[in-house]
Amino acid sequence: MSPPPPNYEFQEWWNKERFKAQGLLSPYPSPPAAAAAVDASADAAAVDVSTPTTPAAAGKSRGRSPRQLSWLLLLRLHHSAAILASLPSRFLTLLRTAARRISTATRRPSPVSRLYRLIRAFLVLAVVLLALELVAYFKGWHFSPPSYASSAEALEIVYANWLVIRARYLAPPVQMMVNVCIVLFLVQSVDRVVLVLGCIYIRLRGVKPVAAVDYGSQGDLEVGGAVNAEDYPMVLLQIPMCNEREVYQQSIAAVCIQDWPRERMLIQVLDDSDDMDVQNLIKAEVQKWQQKGVRILYRHRLIRTGYKAGNLKSAMSCDYVKDYEFVAIFDADFQPAPDFLKKTIPHFKGNDDLALVQARWAFVNKDENLLTRLQNINLSFHFEVEQQVNGIFINFFGFNGTAGVWRIKALEESGGWLERTTVEDMDIAVRAHLCGWKFIFLNDVKCLCELPESYEAYKKQQHRWHSGPMQLLRMCFLDILRSKVSFSKKANLIFLFFLLRKLILPFYSFTLFCIILPLSMFLPEAHLPAWVVCYVPGLMSVISILPAPRSFPFIVPYLLFENTMSVTKFNAMISGLFKFGSSYEWIVTKKLGRSSEADLVAYVEQDPEPSIEDGNIHRSSSESGLAELNKLEVTKKAGKTRRNRLYRKELALAFILLTASVRSLLSAQGIHFYFLLFQGITFLAVGLDLIGEQVS
């Protein structure tokens, strides 16, 4: 009897798995050459496994034998052992990082806010109450509560009085707050469910805006070998920026390569930078594209008031703006596709009451870290559900400030850009809506941009996004009531757009999960149902994550992180509503320049340098110019060092929640304990700045 033929398929599969195990289990990183060899061998093995190398292997079944499954199980055990072995070192590294940041923060104290003082007082009260409850538990007073008459010792008298006070005077108002927050929570949940049902209807029916014309490619409108430019409206493209060293090149390049007749568009680079080095870099970039034949201008304001709104207002005051019909706005980190104008401008044809066409954002760094993944969930729901549903059914939504095209006539009739708030985009959208203009949202037109990768940048961005709407509500409330729009539009603006989604949401999130929930642990007479703590929030998280199905593994971190961000959003909402100083703070969101530059570079390489006829224009590609620009880059990079920092409000709330979780153990409240424990750990991680980019 002849021996069985060798099993090449199993050998190739085993080599592949062995290489994977070596890469994971090796205590030292392999040299680049060895790593490349392993990768190449693994790739070759992967190709060979998918494509049988012998006729015998080709005809055999893909099922694995018990021996193969045993080896696979062994490899998996090795993988698990390696991960478990690394946990202690990772935990020690985490402790060292936290200790270093705490010591750094104690040497650099920062001013104390009003909200932090209140949270700190609540923390002291929670610790005192926990100590009292622990003493009562070990003395058995939890099982047979003492009365004032039968109390023998002073501490027992104090505890007996505490029981009376909390039952008669503290629990009723807290229970009333619980009921109010539950009602607000349910109303907001119903609103979210209705939005999702509207999105499902749009998906099933295939409803979307349809343009009256289609410009197609430039070859479709060519006459005698030249583009018929008269068929294209005049478009102004604006790129407002301020000290955007990391992203100015890619944003300018993306706008300059728009598939639109050059004589029918003009690009304004609106530079508000106060750094002379950055100004020189941006000027050189503009000159480079001017030499390529692009109609592009550089503008810099000497008096930089009004932040972005002031910048846009100054640009729209130029005399030549009257020659243009539409204006497209792109922030410095946005990179529109070359066909962006051809997909947005056609929707204005035949829609004389259309003011705005808004495109969706797409993120080049959504998988960079946990923070960007959680932001992607939030913004995917915002665009896929909120913006799309409001655009289809009521033709109104908040302008996102970028990646949109405005009809200049609508801007002028609505009063133009105003500098009164930090949300100039929402301001102009509300005023245009009150003037009767309509909006369109294009969910299938995406504009690449960048998400904040550090918690510090994200926190400042969210503070501005949630304080500005409250400023705007104070200023335009009477204007809404006096406007000539229908009652339903007024009700939608006041109750849904502003109150429910901008005020009530951060209010109940912070009050319910950060104040009332831990407080109810020390006041057992005030009952907070488990379905409010766990089940309904979990269901709402599932609904919120539907537009980003690949993010389902992050559903629990998303729920916990959203509750953590409620303290920032609540603080911003209160600041904007009552005109505190921080509500008017505008800080440019830090960008890192992570983008898909390959397409832009390929385009630039294919476009040859034009001949320069004007001797007054200096070539930015000269050797001396490159040397100067390199010096500027090196000088800037060697400047200020960024550090991770501590966030005291989040840390104080972390200790409050962890203290309340210990108290919940004494009452055997299982769901409340686990929620408080994991929510407290999340607050602790955020307070130590362990989420997002790690730079120190």
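Starting from 1, each residue takes its place in the sequence as its number.
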What distance separates Glu386 CD from Leu379 CG, expressed to the nearest 0.5 Å? 10.0 Å
Taking only residues two or more places apart in sequence, or in another chain, which ones meet Tyr116 in a ring-ring contact (aromatic ring centres under 6.0 Å, His included)? none
Strictly distance-based, threshold 3.5 Å: is any side-chain N or O of Arg474 a donor or acceptor partner for the main-chain N or O of Gly576? yes
Would a 4.5 Å heavy-atom cut-off, applied to side chains only, mark Phe675 and Leu517 as touching? yes
With a 4.5 Å heavy-atom cut-off, do Glu456 and Tyr647 have their side chains touching? yes
For residues Val389 and Gly198, report the shortest heavy-atom separation together with the two atoms involved. CG2-C, 3.8 Å
Report yes if the side chains of Glu450 and Glu246 come closer than 4.5 Å at any heavy-atom pair, otherwise no. no
Using atom types as modelled and distance alone, determine if a side-chain donor or acceptor of Gln387 lies under 3.5 Å from a backbone N or O of Gly398. yes
Atom NZ of Lys366 with >12 non-hydrogen neighbours under 6.0 angstrom: no
Can you name the side-chain contact (heavy atoms from CB on, under 4.5 Å) partners of Ile545, sequence neighbours left out? Ile377, Ser551, Phe552, Ile555
If I take atom CG from residue Leu500 and atom CZ from residue Arg192, how far apart are they, to the nearest 0.5 angstrom? 10.0 Å
Test side chain to side chain contact (heavy atoms under 4.5 Å, CB included) on Glu562 and Ser509; report intermediate values, then the result. CA-CA 9 Å; Glu562 280 301 291; Ser509 297; over 6 Å; no
Less than 4.5 Å apart, any side-chain heavy atom of Val556 and any of Phe678? no
Is it true that the NZ or CZ of Arg464 lies under 6.0 Å from the centre of Tyr307's six-membered ring and within 45 degrees of the ring axis? no
For Thr564 and Phe683 the tightest heavy-atom approach is CA-CZ, 3.5 Å
Can Asp425 and Asn400 be counted as having a side-chain donor-acceptor contact under 3.5 angstrom? no
Calculate, to the nearest 0.5 Å, the distance between atoms CG and CD belonging to Leu666 and Glu133 respectively. 7.0 Å
Any salt bridge linking Asp331 with Lys308? Criterion: basic side-chain nitrogen under 4.0 Å from a carboxylate oxygen. yes
Side chain to side chain, Asn369 and Ile691, heavy atoms closer than 4.5 Å: no
Under the rule for salt bridge (charged side-chain N to carboxylate O under 4.0 Å, His left out), what residues qualify as partners of Glu525, not counting sequence neighbours? Arg166
Which heavy-atom pair separates Pro547 from Ser544 by the least distance, and what is that distance? CD-O, 3.4 Å
Closest non-hydrogen atom pair, Ile671 against Cys534: CG2-CB, 3.8 Å
Using modelled atom types only, decide if a donor and an acceptor are shared between the side chain of Ser273 and the backbone of Asn243 within a distance under 3.5 Å. yes
Heavy-atom closest pair (Trp465 atom, Pro469 atom, distance to 0.1 Å) is O-CD, 3.0 Å
Is there a donor-acceptor pair closer than 3.5 Å between any side-chain N or O of His672 and the backbone N or O of Leu528? yes
Salt bridge (charged side-chain N to carboxylate O under 4.0 Å, His left out) contacts touching residues 497-511 (sequence neighbours left out): Asp191-Arg501
Should Phe510 and Leu115 count as side-chain neighbours, where that means a heavy-atom distance under 4.5 Å? yes
Say whether, by atom type as modelled, one donor and one acceptor occur between the side chain of Thr421 and the main chain of Val423 under 3.5 angstrom. yes
Residue pair Leu503, Phe498: steps toward the side chain to side chain contact (heavy atoms under 4.5 Å, CB included) verdict: CA-CA 7 Å; Leu503 189 148; Phe498 279 115; over 6 Å; no
I need the minimum non-hydrogen distance between Pro452 and Leu371, along with the two atoms involved. O-CD2, 4.1 Å
Could you check if a side-chain atom of Arg360 sits within less than 4.5 angstrom of a side-chain atom of Ser380, using non-hydrogen atoms only? yes
Are Asp427 and Gln471 close enough that a side-chain donor and a side-chain acceptor fall under 3.5 Å? no
Go through the steps to decide whether Tyr508 and Gln188 satisfy the test side chain to side chain donor-acceptor pair (under 3.5 Å), and finish with yes or no. CA-CA 10 Å; Tyr508 89 75; Gln188 197 273 336; 3.0 Å; yes
What do the steps show when you test Thr372 against Tyr458 for side chain to side chain contact (heavy atoms under 4.5 Å, CB included), and what is the final call? CA-CA 9 Å; Thr372 58; Tyr458 180 62; over 6 Å; no
Gap between atom CD1 of Ile515 and atom OG of Ser520 - 0.5 Å precision: 11.5 Å
May I have the list of side-chain donor-acceptor pairs in residues 169-185 shorter than 3.5 Å, sequence neighbours left out?
unit_1, atom_1, unit_2, atom_2, d
Gln175, OE1, His527, N, 2.6
Gln175, NE2, Asn179, OD1, 3.2
Gln175, NE2, His527, O, 3.4
Asn179, ND2, Gln175, O, 3.2

Can you tell if the side chain of Phe513 reaches within under 4.5 Å of the side chain of Gln679, non-hydrogen atoms only? no
Using only atom types and a distance under 3.5 Å, with no angle test, would you say the side chain of His382 pairs donor to acceptor with the backbone of Asn378? no
One pair to check against side chain to side chain contact (heavy atoms under 4.5 Å, CB included): Phe561 and Arg373. What are the steps and the verdict? CA-CA 11 Å; Phe561 181 70; Arg373 292 177 186 272; over 6 Å; no
CE (Met521) and CG (Leu129) are apart, to the nearest 0.5 Å, by 13.0 Å
Evaluate whether atom CZ of Arg304 has more than 12 neighbouring non-hydrogen atoms of other residues, nucleotides or ligands under 6.0 angstrom away. yes
Is a donor on one side and an acceptor on the other found under 3.5 Å between the side chain of Gln461 and the backbone of Ala457? no
If you measure from OG on Ser575 to NE2 on His466, what distance do you get to the nearest 0.5 Å? 12.5 Å
Expected list for residues 649-659: side-chain donor-acceptor pairs under 3.5 angstrom, two or more places apart:
unit_1, atom_1, unit_2, atom_2, d
Glu650, OE2, Tyr455, OH, 3.1
Glu650, OE2, Lys459, NZ, 2.9
Thr659, OG1, Phe655, O, 2.6

Would you find a donor on one side and an acceptor on the other, under 3.5 Å apart, between the side chain of Asp272 and the backbone of Cys242? no
